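Shown next, in structure tokens, is the structure this report addresses.
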Amino acid sequence: MEDTMSVADLSTPLKFAYWVPNVSGGLVVSTIEQRTSWDFDYNRKLARIAEDAGFEYALSQTRYAASYGADKQHEATSFSLALLAATEKLKVIAAVHPGMWHPGVLAKFIITADHISNGRAAVNVVSGWLKDEFVNFGLDWLEHDERYVRTEEFIRVLRGLWTEQGYSQSGKYYDINNFTLSPAPVDVPGRPHPEVFFGGNSTAAQATAGRVADWYFSNGKDLEGFKENIAGVQASAAVAGRRPRYGLNGFVIARDSEKEARDTLREIVEKAHRPAVEGFRDAVQEAGASTKDGKGMWADSSFEDLVQYNDGFRTQLIGTPEQIAERIVEYKKIGVNLFLTCYLHFQEEVAAFGADVLPIVRELEADAARRADVDFDPDETLAGTLPSKAGV
């Protein structure tokens, strides 16, 4: 198995993303005040704040049925397209479910979004865990590992249609016969096609990510937990001769003192919407238990962890700007390439992150590179390092 330390890239600056709050209720299931709105006007302003603050990506959530405290939600791909049209530099990642989209239709949609945005469209392929969303739509609900069989075929279709003319693929779920999409995606130097993000903690998910994903998203983890979580991805990728990149979820509470930050976390948890959190826990941990080896998303998450529904507290980006920056760079040293962040008050705190945390991160990154005798270019991008072939 490839050693974890070998995935650390000290020469390339970390990338930062934020969760798009296109669902109601904010990013914690709590009655604490969250000066965050799910409407488009708020999100348009937020996107512009984020790109000015140094964020490179935004991820729009995909929800159809009311769940874990969000009774209203905007559809992810259309919302992402609107954000792309409202910004100039930000890359927007639309979350999508195989089984609800045909990959050929999605490939065409993303090409159009890519041209509208001059090469800034991306997708996060979500295999799905909420059974009711599929069953109540009258769609087939596949068992856990089989969902990843479909997901892998889905991603291969996307990449094939984006990169080849007359593409064909015969599989269990999709048959593509000599199909060409024109125009192709925008020709972005170093980027073979729109980026494909993918997440999942189960053995099946990690193996799939290693074979076909450009980026693997991890739920929030401590340092050791992150290394353990990406080990299966690394092993699968090594067999396939690939080097995917790694993103990590984290809820940021940056305050003037560590005590103030910890007090905010305590208040969030004390004011948790208990029925919503417990309902979410029951649904997701049942999904994890359905895997062959009992591993899966949220399998070991506590009640407190699930108040931020992607385990964002576990990453511990909580404290002063200096403490948060130091922890971020420690994660970089073990392989994190991108942080997917969320906040209580998005507009104010995204701006503050860019002003107060990010400059310290860049200083610490440069220092870590010097210590390792590695050149560090704060303007370098990751695009040229992404895998370039559908099967590789």
Side-chain angles (χ1 to χ4, degrees), residues 13-23 25-30 32-37 42-43 45-47 49-61 90 93 199 217-223 225-226 246-269 271-272 301 304-332 334 336-365:
L14 284 162
K15 305 300 179 187
F16 291 91
Y18 72 92
W19 284 95
V20 173
N22 58 305
V23 301
L27 267 289
V28 291
V29 188
S30 174
I32 192 172
E33 179 192 16
Q34 298 184 69
R35 295 189 298 274
T36 294
S37 174
Y42 179 94
N43 274 279
K45 183 178 179 181
L46 172 60
I49 290 171
E51 66 178 0
D52 288 343
F55 285 71
E56 189 163 330
Y57 295 89
L59 171 62
S60 296
Q61 305 170 70
L90 194 70
I93 311 160
F217 270 145
S218 171
N219 267 12
K221 296 286 183 181
D222 61 18
L223 292 161
F226 174 76
Y246 298 96
L248 176 64
N249 182 59
F251 193 89
V252 178
I253 306 177
R255 300 294 186 267
D256 291 337
S257 69
E258 182 178 5
K259 180 181 184 302
E260 185 181 355
R262 295 288 169 189
D263 286 346
T264 299
L265 174 60
R266 188 175 303 110
E267 184 181 359
I268 292 170
V269 175
K271 294 182 176 179
S301 301
E304 177 177 317
D305 295 333
L306 294 173
V307 175
Q308 202 295 298
Y309 43 78
N310 283 98
D311 290 339
F313 301 148
R314 298 177 77 169
T315 308
Q316 289 294 302
L317 302 185
I318 299 165
T320 65
E322 293 80 7
Q323 289 173 316
I324 292 170
E326 288 169 0
R327 187 159 181 83
I328 284 171
V329 175
E330 288 304 305
Y331 277 106
K332 179 179 182 176
I334 61 169
V336 174
N337 306 109
L338 178 151
F339 277 88
L340 175 58
T341 60
C342 42
Y343 309 82
L344 270 184
H345 315 302
F346 268 77
Q347 289 182 356
E348 302 98 304
E349 294 190 54
V350 163
F353 186 93
D356 301 334
V357 179
L358 194 51
I360 304 173
V361 169
R362 297 304 184 217
E363 291 177 7
L364 294 174
E365 286 183 289

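Everything quoted here is computed from the prediction, not taken from an experiment.
- The shortest heavy-atom contact between Gln34 and Gly26 is OE1-CA, 3.4 Å.
- Heavy atoms only, all atoms of each residue included: Phe313 and Ile318 are closest at O-CD1, 4.3 Å.
- Note that CD1 of Ile253 and SG of Cys342 are 9.5 Å apart. Values are rounded to the nearest 0.5 Å.
- Between Leu265 and Glu304, some side-chain heavy-atom pair lies under the 4.5 Å cut-off.
- The line from NZ of Lys271 to CD1 of Ile32 is 5.5 Å long, rounded to the nearest 0.5 Å.
- Taking the side chain as every heavy atom from C-beta outward, Leu317 and Phe339 approach each other to under 4.5 Å.
- Side-chain contact check for Leu344 versus Val28: some heavy-atom pair is nearer than 4.5 Å.
- Going from atom CG of Asp256 over to atom OG1 of Thr320 covers 9.5 Å, rounded to the nearest 0.5 Å.
- Using modelled atom types and a 3.5 Å distance limit, the side chains of Asn219 and Asn249 yield no donor-acceptor pair.
- Within the 3.5 Å criterion, the main-chain N or O of Leu27 finds a donor-acceptor partner in the side chain of Gln308.
- With rounding to the nearest 0.5 Å, the separation of CG in Asp305 from NZ in Lys221 is 9.0 Å.
- Counting heavy atoms from C-beta outward, Gln316 and Asp222 have side chains that stay 4.5 Å or more apart.
- Between Pro21 and Gln61, the closest heavy-atom pair is CA-NE2, 4.0 Å.
- At a threshold of 4.5 Å between non-hydrogen side-chain atoms, the residues Val307 and Phe251 do not count as touching.
- Glu348 is linked by a salt bridge (charged side-chain N to carboxylate O under 4.0 Å, His left out) to Arg35, counting only residues two or more places apart in sequence or in another chain.
- From Trp19, atom CH2 reaches atom CG of Leu340 across 5.5 Å, with rounding to the nearest 0.5 Å.
- Contact of the Glu349 side chain with the Val252 side chain is not registered, since no non-hydrogen atoms from C-beta on lie closer than 4.5 Å.
- A donor-acceptor pair is defined here as one N or O able to donate and one able to accept, closer than 3.5 Å; such a pair exists between the side chain of Glu365 and the backbone of Leu14.
- Between Phe346 and Tyr42, the ring center distance fails the sub-6.0 Å criterion.
- Counting all heavy atoms, side chain and backbone alike, Tyr331 lies closest to Arg314 at OH-O, 4.2 Å.
- For the residue pair Ile324 and Gly319, the shortest heavy atom distance occurs at CD1-O, 3.7 Å.
- Partners of Ala325 under the side chain to side chain contact (heavy atoms under 4.5 Å, CB included) rule, at least two apart in sequence or in another chain, are Val357, Ile360, Val361, Leu364.
- Annotation: side chain of Tyr246 is not in contact with side chain of Ser218 (no heavy-atom distance under 4.5 Å).
- Atom-to-atom distance recorded for Tyr57:OH and Thr341:OG1 is 14.0 Å, nearest 0.5 angstrom.
- If you look at Tyr18 and Phe353, their ring centroids are not closer than 6.0 Å.
- Closest of all the heavy-atom pairs between Gly220 and Leu248 is CA-CD1, 4.1 Å.
- Residue pairs satisfying the salt bridge (Lys or Arg N to Asp or Glu O under 4.0 Å) criterion with at least one member in residues 318-331, sequence neighbours excluded, are listed as follows: Glu330-Lys333.
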